[in-house]
Amino acid sequence: MDILADLNPAQKEAVEAIEGPVLILAGPGSGKTRVITHRVAYLIRKVGVNPRRIMAVTFTNKAAREMEARLNNLVSGSVKDLTLGTFHAICARILRIDGKAIGIDSRFTIYDGDDQISLLKRSLVDLDLDPKQYAPRAIQSAISSAKSQMIGPDEFLKHGRSYFEEVVQRAYERYQKMLDESSALDFDDLLMKTVLLFRRNPELLERYQNRYLHIQVDEFQDTNLVQYELIKQLAGKYRNICVVGDPDQSIYSWRSADLRNILNFEKDYPDAKVVLLEQSYRSTRLILDAASHVISANRNRKPKDLWTENEEGMPCAVIETYTEQEEAQYVVNEVDNLMGRGEVKPGDCAVMYRTNAQSRVLEEAFIRYGMPYKLVAGTRFYERREVKDIIAYLRLIQNSCDSVSLLRIINVPQRGIGQRSLDELTQWARSQGVPEYRALQLLAESRDSAVDLPFSSRTVKVLIGFAVMVEGFIEKSRELKLVELFDAVVESSGYRHYLAGLVDGEDRWENVLELRGVAQEYRDMPPMEGLSAFLEGVALVSDIDDLEERVETVTLITLHQAKGLEFPVVFIIGMEEGLLPHRRSMESGDELEEERRLCYVGITRAKQRVYLLHTYRRNLFGGSEATLPSRFLQDIPKQFIAGKGLWDDEKEDDYTPVTSLFSRSAVKPLSSLKLEVGDRVQHQIFGEGVVISLSSNRDDQEITVAFDGAGVRHLLLSLAPLEKVDKK
DNA sequence: CGAAAGGCTCTTTTT
DNA sequence: GAGCCTTTCG
């Protein structure tokens, strides 16, 4: 097979430019992933580069896996030798192996956002600062932003000294110290410490430089300064560095992604070859044109000429509904219509939104209609309480200095250790100059001696009991396989029993079992190794990683998560001022431009059809508020829009329910079915059942049906595909 | 001294 | 409408 065979000239150029620095600017749908994979395949197959000497950095684990799969088709076998993964995963690996040189224990724990916040709160309390007055989230983001620029606690104040920044500086210092004492690194540390490691150990860096002959970075527009610094270090010797990105799809500046990286690239590597990929293979012409008009309204960008040979296709549908419930109903209904005409399968459709909170109403509509869906990250799996609890037990076993985990589970399930005792424990540990866990051990050792302890004898007893239990786990961890250890922990800690007693215990137990399933994937590894690998794995996954390549159901996803994906049919809901653009972004021009890029990313995910929805009123917890359609809708000229003439001078009270060009009807008329309790009904999906209650709300009837095979369901009469069945 | 029950604030996006 | 924190009860 010829690797270059089915590439267009620009793609070919990008693949063949293997020597020296290369910057590939790739528009949406221009075959970016193709280029990257073919490049790697080309290096291995045509140029004969040893795969061990190639590094490819991706933005998510999912992207890495996808690349792996595609490469397997091109160069089966050698894929496992590549260094392939996210910045964070690659850095974690480097630090586990070589971090000792800057004092990092190879068993370090990785703290996620939640852990960071709880540690930060503790450091604020330590400093006698009120966490209410100084929002931990704000401080955390300031610290993260500092770390993304390689600014340590001591250099922090050089960059300004408002009172808030002084608070941040103190918190940062304390927080970093506590991380250190816990043998833990946060996400930003993974990157920053790696760069630091290389700065302080040039000979070590050289080893890595010598190894990596070729380095590629995907989604370059979303890298931050530390990441840039890192690749600069690694590519320092051979300079075969290829970065791929699209400034118009930069949507992570709030995570310190810095567009300057793209600009700096050409400055740092003046000999860089720049390749533009401008032909789009994804969207129809009308969609691409509409998207281009949206993004062109950004002032701070380089214009580019995207084009496509695809058919013209259909204009974007702009739809106004009255409420968000109607908005959700419209989506469900339209999917059903399209399916009814055999045009799409559910898996072809995605619904995208700005904030996770918007998914709730959608979910309700999908459930009521009985249409299956896949929600990417509602409450994210690894952030669920029970999942984090179990992980905390396992982390503590691997790294007993991990105080965040210890404090998380010391009283879960309840062991009679309250806040009071915990405060005393932390203080006592501090006074002894040891981590909390060590303090517990000391407590156990000194139980008979008449030391003056700040605990009641009852408390001492439970604390020691806890320490003994964990000690037992640690011993077991040396001989038990991960899953066996997992089971032992869940059982002996009383966690399973504890869940059984909760109202929603069953759901939570399901999640524990799902986590156990993940643990099972490490079954072939020896005891301790399996534990480390598992913990590393769960620390660095994201939700998008779990989205299977081919889903059979409608996908519900945030605009951010949708980056890099494509769907034949895309619905973007909540196209309103305050939501998209988000109100928190409306004050700064730069942030507003980022919101516009987000909108652009959304539209360009679509191959065939785009629906842009906005509501007339939207519920913001208490009351409902009148909304204004998003300014981004105005950027799309009329000829690209189907539906009503949004910008004709219609008055608000001219509002009538909208009918899209594509639908038979936007919202089905209320069902003419007359049902009573006790009637038998037939549902398209759930089969037969009996009506057990009926209730009316403002404009619809809700019906509860006990299905013979599918349990009790609440449905909306106007939506549910129901028919009455004659009683026998 | 710890666990359960009501009032408060906010809601952006995530490796 | 939820989490979080403070108050009240056991």
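When reading the values below, keep in mind they use all heavy atoms of this one structure, side chains included, and skip hydrogens, waters and symmetry mates. A, B, ... follow the sequence lines: proteins, then strands. Residue 1 opens every chain.
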Practice prompt. Could you say whether the aromatic ring of Tyr252(A) and the base of dT13(B) stack, counting only centre distances under 5.5 Å and plane angles under 30°?
Written response: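 No, Tyr252(A) does not stack on the base of dT13(B).
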Worksheet entry | salt_bridge(Glu591(A), Arg584(A)) N-O dist < 4.0 Å |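 Here Glu591(A) does not pair with Arg584(A) in a salt bridge, since their nearest N and O are not under 4.0 Å apart.
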Item to complete: Identify whether the distance between the nearest side-chain nitrogen and carboxylate oxygen of Asp112(A) and Lys388(A) falls below 4.0 Å.
Response: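 Here Asp112(A) pairs with Lys388(A) in a salt bridge, since their nearest N and O are under 4.0 Å apart.
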Heavy-atom pair of closest approach, residues [X] and [Y]:
{"X": "Val294(A)", "Y": "Asp635(A)", "value": "CA-CB, 3.9 Å"}
{"X": "Gly578(A)", "Y": "Met586(A)", "value": "N-SD, 4.0 Å"}
{"X": "Pro413(A)", "Y": "Ser493(A)", "value": "CG-O, 3.3 Å"}

Practice prompt. Indicate yes or no: at least one non-hydrogen side-chain atom of Tyr611(A) is less than 4.5 angstrom from one of Ile572(A).
Written response: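 Answer no - side chains too far apart.
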Worksheet item: Which residue, His88(A) or Leu422(A), contacts DNA chain B at a nucleotide closer to its 5' end, judged by nearest heavy atom?
Response: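 The residue whose closest nucleotide sits nearer the 5' end is Leu422(A).
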Discussion item. Heavy-atom nearest nucleotide on DNA chain B for Gly416(A) versus Glu594(A): which residue maps closer to 5'?
Written reply: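 With Gly416(A) and Glu594(A) compared, the 5'-side residue is Gly416(A).
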Starting at atom [atom1] of [X], determine the distance to atom [atom2] of [N], rounded to an integer number of angstrom.
{"X": "Lys62(A)", "N": "dT15(B)", "atom1": "NZ", "atom2": "P", "value": "12 Å"}
{"X": "Ile90(A)", "N": "dT15(B)", "atom1": "CD1", "atom2": "P", "value": "16 Å"}
{"X": "Tyr600(A)", "N": "dT13(B)", "atom1": "OH", "atom2": "P", "value": "24 Å"}
{"X": "Arg384(A)", "N": "dG3(C)", "atom1": "CZ", "atom2": "P", "value": "12 Å"}
{"X": "Leu579(A)", "N": "dT11(B)", "atom1": "CG", "atom2": "C1'", "value": "11 Å"}
{"X": "Glu363(A)", "N": "dA2(C)", "atom1": "CD", "atom2": "P", "value": "13 Å"}
{"X": "Ile251(A)", "N": "dT15(B)", "atom1": "CD1", "atom2": "P", "value": "11 Å"}
{"X": "Arg385(A)", "N": "dG3(C)", "atom1": "CZ", "atom2": "P", "value": "9 Å"}

Discussion item. Students often get this wrong, so: under 4.0 angstrom with heavy atoms, is Asn411(A) touching a base, only sugar-phosphate, or nothing?
Written reply: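 Counting heavy atoms under 4.0 Å across all strands, the contact made by Asn411(A) is with sugar-phosphate only.
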Practice prompt. Check every strand shown and say whether Phe59(A) touches a base, only sugar-phosphate, or nothing at a heavy-atom separation below 4.0 Å.
Written response: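 Sugar-phosphate contact only - Phe59(A) comes under 4.0 Å of backbone atoms but never of a base.
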Name the closest nucleotide to the [X] side chain, picking from [options].
{"X": "His582(A)", "options": "dT11(B), dT13(B), dA3(B)", "answer": "dT11(B)"}
{"X": "Arg584(A)", "options": "dT11(B), dT13(B), dC5(C)", "answer": "dT11(B)"}
{"X": "Arg137(A)", "options": "dT13(B), dT14(B), dT15(B)", "answer": "dT14(B)"}
{"X": "Thr558(A)", "options": "dT11(B), dT13(B), dT15(B)", "answer": "dT13(B)"}
{"X": "Ser421(A)", "options": "dA3(B), dC1(B), dT14(B)", "answer": "dC1(B)"}
{"X": "Asn356(A)", "options": "dT13(B), dA3(B), dC5(C)", "answer": "dT13(B)"}

Just N and O in the side chain of [X]: are any of them under 4.0 Å from OP1 or OP2 of [N]?
{"X": "Gln561(A)", "N": "dT13(B)", "answer": "no"}
{"X": "Gln414(A)", "N": "dA4(B)", "answer": "yes"}
{"X": "Asn224(A)", "N": "dT15(B)", "answer": "no"}

Worksheet item: What would the secondary structure line of DNA chain B be in dot-bracket form, counting Watson-Crick and G-U wobble pairs under 3.5 Å, with [ ] for pairs that cross earlier ones and | for pairs with another strand?
Response: ||||||||||.....
Discussion item. Pairing donors with acceptors under 3.5 angstrom, does anything connect the side chains of Ser256(A) and Gln149(A)?
Written reply: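 There is no such pair between these side chains.
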Worksheet item: For Thr223(A), what residues pass the side-chain contact (heavy atoms from CB on, under 4.5 Å) criterion, not counting sequence neighbours?
Response: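 Partners of Thr223(A) under the side-chain contact (heavy atoms from CB on, under 4.5 Å) test: Phe87(A), Val217(A), Phe220(A), Gln227(A), Asn261(A).
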